[in-house]
Amino acid sequence: MTQTVASVLSRSGMLALDHALSQDLLAQNWPEVSQEGTQAAADDQLAAVAPERFHIERGVAVVPIRGVLTPNSLLLEKWLGWTTYRGLEETCATLAEDETVKTVVLDVNSGGGMVVGLRGAAAALSALAAVKTVQALVDPVAASAAYWLASQASEISMTKGAVVGSIGVGMGSVAYVQPGSSGGQFFEFTSTHARAKWPDPTTEEGRAEILRSLDETEAEFHVAVATARGIPIGELTQRLSVTEDPRDGGAVFGPEAAIKRGLADRTETRAAFYARILGPRTEAPKRGRAGRAAIARAQAAQAVSTI
């Protein structure tokens with residue numbers, strides 16, 4: 001039975017994902033390897049599609065951050081070219097040790113993804129930024145988990161029409177309110193000292209537990225952004241709010257509003273960004289499927305128009 005990316009992620013717990021900006025990706029079918037043959041044959045299929053996680057050009061490593069972000073889904077990374085947190089951590093470790101790399105570019109187009117694994121990837125980017133110059137280009141989306149990652153760069157550039165933000169986390173929960181199609185109602189139980197394992201959203205205690213975990217992760221998100229962007233933590237929630245109420249955060253912002261709030265640093269075209277980073281007579285890496293060389297390669301004429 002074919003499953004969509006959304007149907008699989010709905011069972012994945014807490015998400016740092018802007019659903020509105022990720023609808024087309026969430027609607028895609030979850031990749032499937034051939035069911036014929038043995039598990040070894042399926043593994044061979046995956047191994048045959050090697051992802052290209054970065055490309056180095058003249059001392060600049062371009063690292064695409066693309067798609068719906070997951071901890072370590074080889075299927076999504078290798079078949080769709082989407083970034084995984086494990087892959088990003090491994091990339092950071094490699095580039096930190098590469099003496100030929102002076103600058104790292106995070107080429108970001110993602111509405112976010114899962115929370116599991118996100119902290120490690122963000123920490124790896126922060127560590128990389130301590131030893132290399134890390135620049136982020138948002139073209140056109142860095143939302144939720146993707147912004148958490150992009151915020152670890154020393155500077156964030158946005159193309160015209162790009163958006164950043166959606167800072168916050170969420171999750172869905174299910175409660176059985178009536179019998180199912182079989183005529184029976186399904187019940188779940190946890191052991192005596194494990195009520196937080198499956199909190200019941202229909203009870204006050206269950207809602208409190210769900211909110212506790214969400215707020216703890218949001219607090220980490222805020223600290224990571226505030227620290228990397230040099231924003232006083234006490235000011236951040238007000239800067240992110242679209243009203244006078246700091247609870248009204250979670251929105252996305254275009255370049256002008258993002259720069260005003262301290263979430264980004266400048267607006268420039270894709271070609272101008274790469275001309276500045278790589279020097280004259282170069283072009284912006286062409287957009288395409290994430291992880292492919294077409295995204296990360298910068299080697300033609302600077303006059304190529306932006307998308």
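Computed over heavy atoms, backbone and side chain alike; hydrogens, waters and symmetry mates excluded. Because the structure is a prediction, the values reported are computed rather than measured.
Side-chain atoms of S22 never come within 3.5 Å of backbone atoms of L26 as a donor-acceptor pair (strictly under, hydrogens ignored). Not one N or O on the side chain of S126 forms a donor-acceptor pair closer than 3.5 Å with the backbone of A122. Judged by distance alone, with hydrogens and angles left aside, the side-chain atoms of D265 form no donor-acceptor pair with the main-chain N or O of S157 at under 3.5 Å. Using a distance-only test at 3.5 Å, with no hydrogens or angles considered, a donor-acceptor pair links the side chain of T91 to the main chain of G87. With hydrogens and angles ignored, the 3.5 Å screen pairs a side-chain donor or acceptor of T83 with a backbone N or O of R66. Under the 3.5 Å distance criterion, the side-chain polar atoms of R229 are left unmatched by any main-chain donor or acceptor of S151. A donor-acceptor pair is defined here as one N or O able to donate and one able to accept, closer than 3.5 Å; such a pair exists between the side chain of S213 and the backbone of I210. Using modelled atom types, one side-chain atom of S144 and one backbone atom of A16 make a donor-acceptor pair closer than 3.5 Å.
Connection of I259 to L263 is not established within any shared hydrophobic cluster, with ILVMFWY side chains joined at heavy-atom distances below 4.5 Å, either directly or through further cluster members. In the hydrophobic clustering of this structure, V164 groups with F221; members are Ile, Leu, Val, Met, Phe, Trp, Tyr whose side-chain heavy atoms approach within less than 4.5 Å, directly or through other members. Connection of V242 to V163 is not established within any shared hydrophobic cluster, with ILVMFWY side chains joined at heavy-atom distances below 4.5 Å, either directly or through further cluster members. Under a hydrophobic clustering in which Ile, Leu, Val, Met, Phe, Trp and Tyr are joined whenever their side-chain heavy atoms come within less than 4.5 Å, directly or via other members, V68 and L21 fall into different clusters. Under a hydrophobic-cluster definition in which Ile, Leu, Val, Met, Phe, Trp and Tyr are linked whenever side-chain heavy atoms come within less than 4.5 Å, directly or via other members, V62 and L278 are assigned to the same cluster.
Using modelled atom types, one finds a donor on one side chain and an acceptor on the other under 3.5 Å when comparing D200 with T202.
In terms of heavy-atom proximity, P255 sits nearest to A162 at CD-O, 3.3 Å. Closest heavy-atom contact between A196 and P199: O-CD, 3.4 Å. Taking each heavy atom of C92 and L125 in turn, the nearest pair found is SG-CD2, 3.5 Å. Minimum interatomic distance between T190 and W198 (heavy atoms only, all atoms of both residues): CG2-CE3, 3.7 Å. The shortest non-hydrogen separation linking G262 to I231 is O-CD1, 3.7 Å. When all heavy atoms of E89 and G117 are compared, the closest pair comes out as OE2-O, 4.4 Å.
Looking only at side-chain heavy atoms (C-beta outward), V108 and Y147 stay at 4.5 Å or farther from each other. Looking at heavy atoms from C-beta onward, D18 lies out of side-chain contact with V141 at the 4.5 angstrom threshold. Considering only heavy atoms from C-beta on, E57 stays 4.5 Å or farther from Y274 through its side chain. Using a 4.5 Å cut-off on side-chain heavy atoms (C-beta onward), N109 and P140 make contact. Counting heavy atoms from C-beta outward, D98 and I56 have side chains that approach closer than 4.5 Å. No side-chain heavy atom of M171 sits less than 4.5 Å from a side-chain heavy atom of V115. Side-chain contact between P31 and L76: present, with at least one pair of heavy atoms (C-beta onward) separated by less than 4.5 Å. With a 4.5 Å cut-off on side-chain heavy atoms, L95 and K132 do not count as touching.
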Next item on the list: In sequence, state the C-alpha distance, the side-chain angles, and the governing distance for E256 and K260, and then conclude on salt bridge (charged side-chain N to carboxylate O under 4.0 Å, His left out).
Entry: CA-CA 6 Å; E256 183 177 353; K260 181 179 180 180; over 6 Å; no
Checklist line | Criterion side-chain contact (heavy atoms from CB on, under 4.5 Å) on T217 and L118, from CA distance to verdict | finding: CA-CA 11 Å; T217 303; L118 173 57; over 6 Å; no
Next item on the list: For V101 and F54, run side-chain contact (heavy atoms from CB on, under 4.5 Å): C-alpha distance rounded to whole Å, both residues' side-chain angles, the deciding distance at 0.1 Å, then the answer.
Entry: CA-CA 12 Å; V101 173; F54 61 89; over 6 Å; no
Note to self: Please determine whether side-chain contact (heavy atoms from CB on, under 4.5 Å) holds for the pair E220 and W148, giving the CA-CA distance in whole Å, both sets of side-chain angles, and the decisive distance to 0.1 Å.
What the structure shows: CA-CA 10 Å; E220 291 184 62; W148 190 331; 4.1 Å; yes
Next item on the list: Please lay out, stage by stage, how L106 and L149 fare under the test side-chain contact (heavy atoms from CB on, under 4.5 Å).
Entry: CA-CA 9 Å; L106 307 179; L149 299 176; 5.7 Å; no
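Between W30 and the choices T4, L75, T2, the side chain to side chain contact (heavy atoms under 4.5 Å, CB included) rule is met once, by L75.
Taken from CD in E205 to OG1 in T203, the straight-line distance is 5.0 Å, to the nearest 0.5 Å. Remark: I65 CD1 to D107 CG distance equals 9.0 Å, nearest 0.5 Å. Here L69 contributes atom CG and L17 contributes atom CG; the two are 8.5 Å apart, rounded to the nearest 0.5 Å. In this structure, CZ on R239 lies 13.0 Å from NE2 on H222, to the nearest 0.5 angstrom. In this structure, CD on Q3 lies 5.0 Å from CZ on R11, to the nearest 0.5 angstrom. Rounding to the nearest 0.5 angstrom, the gap separating the NE2 atom in H19 from the CG atom in L25 is 12.0 Å.
Annotation for R247: atom CZ does not count as buried by contact number, only 12 or fewer foreign heavy atoms lying within 6.0 Å.
Under 4.0 Å is where a charged nitrogen must lie from a carboxylate oxygen, and between E268 and R276 at least one such pair does. Between E90 and R53 there is a salt bridge, since a side-chain N of the basic residue sits under 4.0 Å from a carboxylate O of the acidic one. For the pair E209 and R212, the salt-bridge criterion is met [side-chain N within less than 4.0 Å of a carboxylate O].
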